[in-house]
Amino acid sequence: MGFLDILLGRTRPTAPDLDRLFGLPSAAVTLRAATGFTPTGRGSVCFSSVEGSAFAGMRQDMTDLLNADTERAANSVEFSRDAYGYSWLLSRRDPDDLASLVGDLHAVNTALEGSGFGPQLLCSLAGFEHPDGQSFALVYLYKRGTFYPFAPLAGEKRDNALELRVRAVVADDLRIEGDLSRWFPVWGAPGL
């Protein structure tokens with residue numbers, strides 16, 4: 001950052017730090033102990049849709065990479081497009097194997113970033129559920145390098161009390177997004 005940038009109050013955006021995803025397993029232990037929420041075994045990566053043969057090849061490479069794990073069940077990797085035109089890659093793992101799910105999310109983000117598709121990356125999420133039926137996701141904002149909880153309710157409403165409670169519980173394990181206006185809803189996201 002230059003001297004003129006400092007004088008004018010300009011800041012550089014936070015560089016993505018995909019290794020922060022590896023904080024999710026410790027956050028899951030904290031969540032289980034404090035609230036009873038456990039991982040669902042589902043997680044996804046969201047990115048702006050890209051057309052063309054280069055991206056089609058990358059999509060196939062990601063699928064092949066994730067399916068190379070012989071312990072995975074058939075159809076445990078799935079691509080979809082949501083109503084807003086964003087693409088999602090959903091990965092399914094055993095709920096007790098959050099570390100492998102995080103590895104999947106990290107691998108997909110890294111592959112997209114390494115192939116020049118980093119600017120299209122939006123977020124990644126991992127789902128959690130409670131025995132009483134409540135669910136939420138911890139969402140990682142790629143461009144901000146931060147997490148926030150998203151707890152959807154029926155009718156495109158949010159359980160704000162649950163989101164704030166989860167934020168307080170995992171604040172020591174994850175870098176939480178401090179600007180609540182950036183806690184974007186991810187309605188209908190695969191993995192929730």
Side-chain angles (χ1 to χ4, degrees), residues 1-2 5-6 8-31 34-35 37 39-50 55 58 62 65-66 82 84-91 93 97-128 135-152 158 160 162-187 189-192:
M1 182 175 329
D5 291 331
I6 293 170
L8 296 174
R10 294 184 212 148
T11 60
R12 286 189 180 159
T14 305
D17 183 0
L18 292 174
D19 289 345
R20 288 189 178 139
L21 289 169
F22 293 114
L24 282 170
S26 67
V29 171
T30 303
L31 277 167
T35 64
F37 279 92
T40 62
R42 295 182 308 271
S44 55
V45 176
C46 180
F47 46 93
S48 298
S49 296
V50 179
F55 187 75
M58 172 53 61
M62 287 186 293
L65 172 71
L66 296 180
D82 66 19
Y84 304 102
Y86 295 108
S87 294
W88 291 85
L89 178 136
L90 171 67
S91 180
R93 289 285 187 163
D97 194 6
L98 182 59
S100 292
L101 179 65
V102 168
D104 292 349
L105 300 177
H106 189 276
V108 169
N109 278 286
T110 301
L112 284 167
E113 188 179 64
S115 297
F117 295 107
Q120 281 75 29
L121 283 167
L122 301 174
C123 68
S124 298
L125 64 86
F128 292 83
S135 65
F136 75 92
L138 282 172
V139 180
Y140 175 74
L141 291 172
Y142 174 79
K143 291 177 175 72
R144 305 268 303 169
T146 56
F147 289 87
Y148 68 90
F150 173 66
R158 296 172 76 163
N160 297 110
L162 175 58
E163 291 176 357
L164 294 174
R165 191 172 85 207
V166 168
R167 174 183 70 174
V169 169
V170 300
D172 291 336
D173 295 307
L174 301 172
R175 184 169 176 229
I176 299 297
E177 175 58 54
D179 182 355
L180 296 181
S181 69
R182 294 190 180 268
W183 289 23
F184 305 111
V186 285
W187 306 118
L192 276 172

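Sequential numbering from 1 along the given sequence is applied to the chain's residues.
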Checklist entry - Does T40 use its side chain to pair, donor to acceptor, with the backbone of G127 at less than 3.5 Å? => result yes
Checklist outcome for this item: Scanning both residues in full, the closest heavy-atom pair of L89 with F47 reads N-CE2, 4.3 Å
Checklist entry - Just wondering, do P152 and L192 contact through their side chains at under 4.5 Å, heavy atoms? => result yes
Checklist entry - Looking only at heavy atoms, what is the nearest atom pair of L162 and S135, with distance? => result CD2-O, 4.2 Å
Checklist entry - How long is the span from the CG atom in L122 to the OG atom in S48, to the nearest 0.5 Å? => result 4.5 Å
Item to check | Shortest non-hydrogen contact between V170 and L31, atoms and distance | outcome: CG1-CG, 3.6 Å
Checklist entry - About how many Å separate CG of L164 and CG of L180, when rounded to the nearest 0.5 Å? => result 6.5 Å
Checklist entry - OG/S100 to CG/L66 distance, rounded to the nearest 0.5 angstrom? => result 11.0 Å
Item to check | Smallest separation among heavy atoms of G41 and L101, with atom names | outcome: C-CD2, 3.9 Å
Checklist entry - Could you state the interatomic distance from CZ (R182) to CG (L141), rounded to the nearest 0.5 Å? => result 8.0 Å
Checklist entry - Are any side-chain N or O atoms of W183 and backbone N or O atoms of E177, one a donor and one an acceptor, separated by less than 3.5 Å? => result yes
Item to check | Full working for side-chain contact (heavy atoms from CB on, under 4.5 Å) between F150 and E163 | outcome: CA-CA 6 Å; F150 173 66; E163 291 176 357; 3.8 Å; yes
Checklist entry - Do W187 and Y84 come close enough that some side-chain heavy atom pair is under 4.5 Å? => result yes
Next on the checklist: Could you go through Y148 and L125, starting from their C-alpha distance and side-chain angles, then the distance that decides it, and tell me whether this counts as side-chain contact (heavy atoms from CB on, under 4.5 Å)?
Outcome noted: CA-CA 9 Å; Y148 68 90; L125 64 86; over 6 Å; no
Checklist entry - Looking only at heavy atoms, what is the nearest atom pair of V45 and S124, with distance? => result CG2-OG, 3.6 Å
Checklist entry - Do other residues, nucleotides or ligands put more than 12 heavy atoms under 6.0 Å from the CG atom of D172? => result no
Checklist entry - Side-chain contact, heavy-atom cut-off 4.5 Å: L18 with Y142? => result yes
Next on the checklist: What I'd like to find out is whether the side chain of L90 reaches to under 4.5 Å of the side chain of R42, using heavy atoms alone.
Outcome noted: yes
Checklist outcome for this item: dist N109:CG -> D19:CG (nearest 0.5 Å) comes out at 11.0 Å
Item to check | Atom of C123, atom of V139 and distance for their closest heavy-atom approach | outcome: CB-CG1, 3.9 Å
Next on the checklist: For F136 together with F37, are the ring centres under 6.0 Å from each other?
Outcome noted: yes
Item to check | Gap separating the OH atom of Y140 from the CG atom of D17, nearest 0.5 angstrom | outcome: 5.5 Å
Checklist entry - Can any side-chain N or O of R20 pair as donor or acceptor with the backbone N or O of G145 at less than 3.5 Å? => result yes
